[in-house]
Structure formats: C-alpha cells, structure tokens
2 protein chains.
Amino acid sequence: MEHNSDRCRSHCPINFVLETFGDKWTLLVIRDLMFHGKRHYGEFLASDEGISTNILADRLQRLERDGIIEKEVDPSHRSKVIYRLSPKGRDLLPVLLEITRWSGKYDSKSNAPKAFLTELQKDRRRLAARVLATLDEADDR
Amino acid sequence: MEHNSDRCRSHCPINFVLETFGDKWTLLVIRDLMFHGKRHYGEFLASDEGISTNILADRLQRLERDGIIEKEVDPSHRSKVIYRLSPKGRDLLPVLLEITRWSGKYDSKSNAPKAFLTELQKDRRRLAARVLATLDEADDR
DNA sequence: CGAAGTACTTGTAAAACGCAAGTACACAGA
DNA sequence: TCTGTGTACTTGCGTTTTACAAGTACTTCG
C-alpha cells in the first residue's frame, strides 16, 4: 500500500558508492585482486589496460581508506607490499560476477572463458564459493 | 585439469566494459531509468547528483550508440524525447541489484529502503521480476 | 659496496569535466 | 501570426583530473 510522489516509484532504491563503481581503475584493481591473483604494486601496473603509476597509488590509497583492501609489508621480502581484499572487498564478488555475465553476453571484447560463463549460469553459488576459496588459499600464508 | 601460467589462476575471467561500469554518470543514468522511472532529458538533469548538461548529452549518446538505451521523440509532445532501456540495458538489472545490496550493507550514505534490501536478500528473483514488470508497464503506452 | 628491484612521488602537458550562456524546435495563448 | 515558455541540446572557457616521463627512497642480492 504505497502512494509515492512522482519522484519515486513503487520501489525507489539506490544511492551509489560512486568512487568504487564509478571509476574505471578502481574496478580493474579489484578485478585483478579477485580473479587474477595479483597482490603486488608492480603486478597491477603490468595489467593490459595500462594504469599509470600515480593513478594506481591514488586508487590503492582510496581502497584502503574505504576498507576494501588491506595493506601489509611482505614479511619475507620487505621491499614488497602485499595488497589483499578485505571481507568487505570480497563481498564485491557478486557484483563482479554479474558484470562478467553481462559483459560475456553482450561485449565482443569480453575474454571470459566459456566454461566460466557456463558455470556462472548453471551454478553461481558454487562458482562464487570456489573463487573465494582460492582467495583464502592464496592469502593464508 | 588446468595448468595455467602464473598470469592466470584456475579461473581467469573478465574484461570489463569500462565505458559503462567505469563511469559515474553512465551508471547514474541507468539507475534513473531502471528504478526511478525517468524518461526525459530534464529529469536526468534534475537528479540530486547534479549532472552537467553537456555531460548528460554525451552519455546519452554513448548509451544509445552501445545499444543500452533507445531514443524516441514523444508522439504527444514532439519537443520531448523519450529515453528507454533496451533489452540489453534491462539486462543490467542484476548488476544494479548487486551494487544496491553491497551499498546498502556497507555504505552509510545508501538510501535504499529496508524493505527493498530485505526482499533482495529473501527473494531476489521476484524483486527483479517486479522491477522489470514496472518498466514494461511504464513503456507500453 | 654497487647494481638491481620495488613502491612510490613529482612535474608537466593533454584530456575530461563543471558551469554558464546560447541555439533550435515545438507548443500554447493573445 | 506573433510572443513567450518549455525542452533538448551545443558552445566556450576556466578548473580539475589524467597520462606520461622522470626522479626518489628503501630493500635485496651478489
């Protein structure tokens, strides 16, 4: 039983987190962390899309400030820094999966493997669980 | 049975559609179309976020070029233009819903209604169906 | 100790954006 | 028919952001 103003229909959600989703490089860094096992500054820098070093430094700082990633000096190699997704960051997986699905369906430039897209359609939960398990495995050491 | 290079773990998807997801204003326009029933240039312009008119014109043009929205002169008011989501555009709903979920969970500035978030968690399909039905209802005239 | 690796910082030119004003067409009333 | 208003843009320009190149600081390795 809703009688809304003309500014707002029967459902009226959403206020975006624009610094996260409205920025190209932020999403690419999260993608690299989530799917490509990247952890070091130089690895992000080496992505095909070619992020500039000053922009990367800025985005990593914002992501840490917003609690999406966590930063740690590599204990075994103290000139390196390890970046990891926090639980809040890992919880972005469903968003990335839906972007992957849409991208794979409509974008000819998508390079998502067919097996991945198929499993995404058939058993999304299992796929998500596997991705998260891989993250755990990589980070627990 | 996969043995990948170190550039690519056991799963290795994703190539983003960066012009769509990596841009703040593009996502906001899609949000307004999907959830707020907006159809006219002036309505997008009036969003709280305050998009500039030249940027709005640019984004609408890109969205139409990419087949995400469709443009039509309003038959009953020929100085007005109606913008609608295409099927490809409507298929972005799952992405927006996941963004809404994450945003509602972690962003204190999120203004998504609790009832919406609850239904999103409990019966995502029904919620999605309702949103799409509302779009159909609004566009079939 | 010197060279190479890693993570940044700084400077500068190019690009994108924000803001204000202006244009073009449709419509409604005098 | 003329005038004013509504709607959808376009244009110009100053500001901000980005891209590219170079430089700095700390660490590791031989």
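All chains are named by letter (A, B, ...) in the order of the sequence lines, taking the proteins before the strands, and each is independently numbered beginning at 1. Keep in mind the model is a prediction, meaning the values are calculated, not measured.
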So does [X] get a side-chain nitrogen or oxygen closer than 4.0 Å to the phosphate oxygens (OP1/OP2) of [N]?
| X | N | value |
| --- | --- | --- |
| B/K71 | D/dC9 | yes |
| A/W25 | D/dA19 | yes |
| A/R78 | D/dC29 | no |

Ignoring the backbone of [X], work out which of [options] is nearest its side chain.
| X | options | value |
| --- | --- | --- |
| B/Y83 | D/dT18, D/dC9, C/dG18 | D/dC9 |
| A/I55 | D/dA8, C/dA20, D/dT18 | D/dT18 |
| B/S79 | D/dC9, C/dC8, D/dG6 | D/dG6 |
| A/H77 | D/dT18, D/dT28, C/dG11 | D/dT28 |
| B/T53 | D/dT28, C/dT9, C/dA20 | C/dA20 |
| A/R59 | D/dA19, D/dT10, D/dT18 | D/dT18 |

**OP:** State which residue, out of B/R126, B/K114, B/R124, B/R125, fulfils the salt bridge (Lys or Arg N to Asp or Glu O under 4.0 Å) condition with B/E119.
**Re:** B/R126

Original post:
Side chains of B/D74 and B/R39: closer than 4.5 Å at any heavy-atom pair?
Top reply: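 Heavy-atom side-chain distance check fails, nothing below 4.5 Å.
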
Original post:
Do A/D66 and A/T20 pass the side chain to side chain donor-acceptor pair (under 3.5 Å) test, and can you show the C-alpha distance, the side-chain angles, and the key distance before you say yes or no?
Top reply: CA-CA 9 Å; A/D66 296 340; A/T20 304; 4.9 Å; no

